[in-house]
Amino acid sequence: MRFRLGYVAMTLNLEDCSPSGTVTVSTLEKLGDEKARLYRLRKVASKNIANTMRILRYNKAYNIKVYRFTSKLIPLATHPMVRGWNYAEEFKKELKEIGDFVKENDIRVSAHPDHYTVINTNSPKVFNDSVLDLEYHVEIFKAMGLDDYKYKLVLHTGGLYKDKIASIERFKENFIKLPKSIANRIILENDDKSFTAADVLGICKDLKIPMVLDVHHHYCNNGGEQLDDMLEDIFETWQQEYFNPKVHFSTPKSEKDYRSHADDINAEEFMKFISSASYINQDIDVMLEAKNKDSALLKLSDELTGYGNVKRINEAEFEIL
DNA sequence: CCAAGTCAAGTCAGA
DNA sequence: TCTGACTTGACTTGG
């Protein structure tokens, strides 16, 4: 069994390289005219896009082939104040360059719209805003030339609204209402408070969409379910996909602050999961969520060489013997 | 230059 | 019905 490692959004090892620079609404409001606002937005977006390209080149140098884009690439993209700005057209060349690089190097990129995007909401306004946010993500992928077969958006199920069954049903009903261009991109992840891996697996099977397993979330929120009982079924949801099943992995910050992410990845715990998964003959990609981002990835990578049954193929790819 | 306070958005618990 | 926590990097402003 082989697995690859990836990380989220930002590298700690390049100077001044945030892809998530932004500008606040109040600052924009203080800039009186439209021209000044647009100038500011362009400047920030342009830097974010350039930094994303720098990060991808850096990733290539370290053989890191799994990466999550920031959702903040275009500042305030879906805010009413910015409506009408055709950022995709404006940065067409730069975005296409990113997409071409991704395809040339067969990098697995994704995005994770944040928790304000709620498909199973009761509120038409929240649903509408969520669609706008998803459209923004889709726009970016399209401008990059990255198709909906390979390149996905990871979402959570949403809120419980005091009735889990009804909330799951509403997720499915609302999912079906989404434009195909959005629905085709969506894959679901279990969360740390509301919807367990078994809940999400059920939804994914019904909707025939892949499920991202978050191991840490599972330990936060599981209703007594055992991972070993579900792993094969979870991987099965990826049967029709181009990429292998994706798993999120992070280490709890502390016993007291269990749900937060630690700085690094605990190699021992990581190997426990990998060993349990290795019984299934299925290669996977593991997205690491640690405060130390790619530094945590490289640290884990070094530590994994200490395990006798692990063969390191390169910095971010391994085989279990 | 540094530190403290703030940030577009949703949901939930608790007041 | 309303407020703060959640979580988090980066912006903004005050010193």
Side-chain angles (χ1 to χ4, degrees), chain A residues 7-31 36-37 40-41 43-52 55 68-85 87 111-137 153-164 166-168 170-171 174 189-195 199 214 216-217 220-221 248 250-254 256-263 288-296:
Chain A
Y7 71 99
V8 176
M10 193 178 65
T11 163
L12 300 187
N13 294 308
L14 293 177
E15 216 49 56
D16 184 28
C17 199
S18 168
S20 309
T22 186
V23 51
T24 62
V25 169
S26 67
T27 303
L28 275 195
E29 273 168 348
K30 279 180 224 152
L31 298 172
R37 289 179 185 177
R40 181 65 175 269
L41 287 164
K43 214 169 107 176
V44 177
S46 164
K47 179 141 205 185
N48 287 346
I49 293 168
N51 282 345
T52 296
I55 291 168
R68 180 193 300 166
F69 287 129
T70 173
S71 287
K72 300 195 180 102
L73 198 65
I74 307 296
L76 302 176
T78 60
H79 193 278
M81 190 172 251
V82 175
R83 280 305 146 66
W85 177 34
Y87 46 84
H112 196 345
D114 72 27
H115 60 277
Y116 299 115
T117 298
V118 184
I119 297 296
N120 80 341
T121 179
N122 279 310
S123 145
K125 164 144 178 40
V126 173
F127 183 74
N128 197 49
D129 287 348
S130 298
V131 170
L132 287 176
D133 187 59
L134 290 164
E135 275 172 353
Y136 151 70
H137 284 87
L153 300 174
V154 182
L155 286 187
H156 292 295
T157 312
L160 283 173
Y161 309 92
K162 296 185 183 131
D163 185 341
K164 188 189 267 190
S167 299
I168 287 174
R170 200 168 46 256
F171 181 93
N174 287 350
E189 174 195 349
N190 58 306
D191 66 81
D192 56 352
K193 275 178 162 160
S194 306
F195 296 94
D199 295 331
D214 188 306
H216 180 189
H217 289 167
C220 295
N221 174 37
H248 290 174
S250 45
T251 295
K253 191 185 179 78
S254 64
K256 183 175 146 289
D257 214 355
Y258 193 82
R259 287 177 25 241
S260 304
H261 293 159
D263 293 351
L288 301 175
E289 295 175 334
K291 288 231 194 241
N292 287 344
K293 308 286 179 191
D294 58 319
S295 294

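Here the structure is a predicted model, which is why all the values come from computation and not from measurement. So that the names make sense, note that chain A is the first sequence line, chain B the second, and so on, each numbered from 1.
- Residues satisfying the salt bridge (charged side-chain N to carboxylate O under 4.0 Å, His left out) criterion with Glu135(A), sequence neighbours excluded, are absent altogether.
- For the pair Asp191(A) and Asp214(A), the minimum side-chain heavy-atom distance is 4.5 Å or more.
- For Ala262(A), the side-chain contact (heavy atoms from CB on, under 4.5 Å) partners at least two apart in sequence or on another chain are Thr251(A).
- Residues that satisfy the side-chain contact (heavy atoms from CB on, under 4.5 Å) test with Ala36(A), not counting sequence neighbours, are Leu31(A), Asp33(A).
- Under the 3.5 Å distance criterion, with hydrogens and angles disregarded, a donor-acceptor pair is assigned to the side chains of Ser260(A) and Asp257(A).
- Remark: Ser46(A) engages no residue in a side-chain hydrogen bond (donor to acceptor under 3.5 Å, both in side chains) (not counting sequence neighbours).
- The structure places NE2 of His217(A) at 8.5 Å from CZ of Arg259(A), a figure rounded to the nearest 0.5 Å.
- For the P atom pair drawn from dT7(C) and dG14(B), the interatomic distance equals 15 Å after rounding to whole Å.
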Write down the protein N/O and nucleotide N/O pairs, taken from nucleotides 4-6 of chain B, whose separation is under 3.5 Å; answer none if there are no such pairs.
none

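- Every side-chain contact (heavy atoms from CB on, under 4.5 Å) that Asp133(A) has, sequence neighbours left out, goes to Thr78(A), Pro113(A), Thr117(A), Tyr136(A), His137(A).
- As judged by a 4.0 angstrom heavy-atom cut-off over every strand, Thr78(A) is placed among the base-contacting residues.
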Side-chain polar contacts of residues 12-20 of chain A - donor-acceptor pairs under 3.5 angstrom, sequence neighbours left out - could you list them?
from     : atom 1 : to        : atom 2 : distance (Å)
Asn13(A) : ND2    : Tyr58(A)  : OH     : 3.1
Asn13(A) : ND2    : Asp294(A) : OD2    : 2.9
Asn13(A) : ND2    : Ser295(A) : OG     : 3.3
Asp16(A) : OD2    : Lys47(A)  : NZ     : 3.0
Ser18(A) : OG     : Ser20(A)  : N      : 3.0
Ser20(A) : OG     : Thr70(A)  : OG1    : 2.8

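- Listed by first and then second residue, the salt bridge (charged side-chain N to carboxylate O under 4.0 Å, His left out) pairs involving residues 118-130 of chain A are Lys125(A)-Asp129(A) (not counting sequence neighbours).
- A perpendicular orientation is assigned to the rings of His216(A) and Tyr258(A), their planes being inclined by more than 60° (bins at 30° and 60°).
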Under 3.5 Å, N/O pairs linking protein and nucleotides 13-15 of chain B:
none

Worksheet item: Tell me, for nucleotides 4-15 of chain C in 5' to 3' order, what letter each nucleotide earns: B for a base near a protein heavy atom under 4.0 Å, S for only sugar-phosphate near one, - for neither?
Response: --SSS-SSSS--

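- For the P atoms, the distance linking dG4(C) with dT6(B) amounts to 11 Å, nearest Å.
- For DNA chain C, runs of at least 3 consecutive pairs of the Watson-Crick or G-U wobble type, with both hydrogen-bonding distances under 3.5 angstrom, map to B:1-7 with C:9-15, B:10-15 with C:1-6.
- With sequence neighbours excluded, the residues forming a side-chain contact (heavy atoms from CB on, under 4.5 Å) with Tyr161(A) are Val118(A), Asn120(A), Thr121(A), Asn122(A), Ser167(A), Arg170(A), listed by chain and number.
- Nucleotides dT11(B) and dG9(C) are separated by 24 Å at their P atoms, to the nearest Å.
- Between Phe171(A) and Ile119(A), the shortest heavy-atom distance links the atoms CE1-CB, 3.6 Å.
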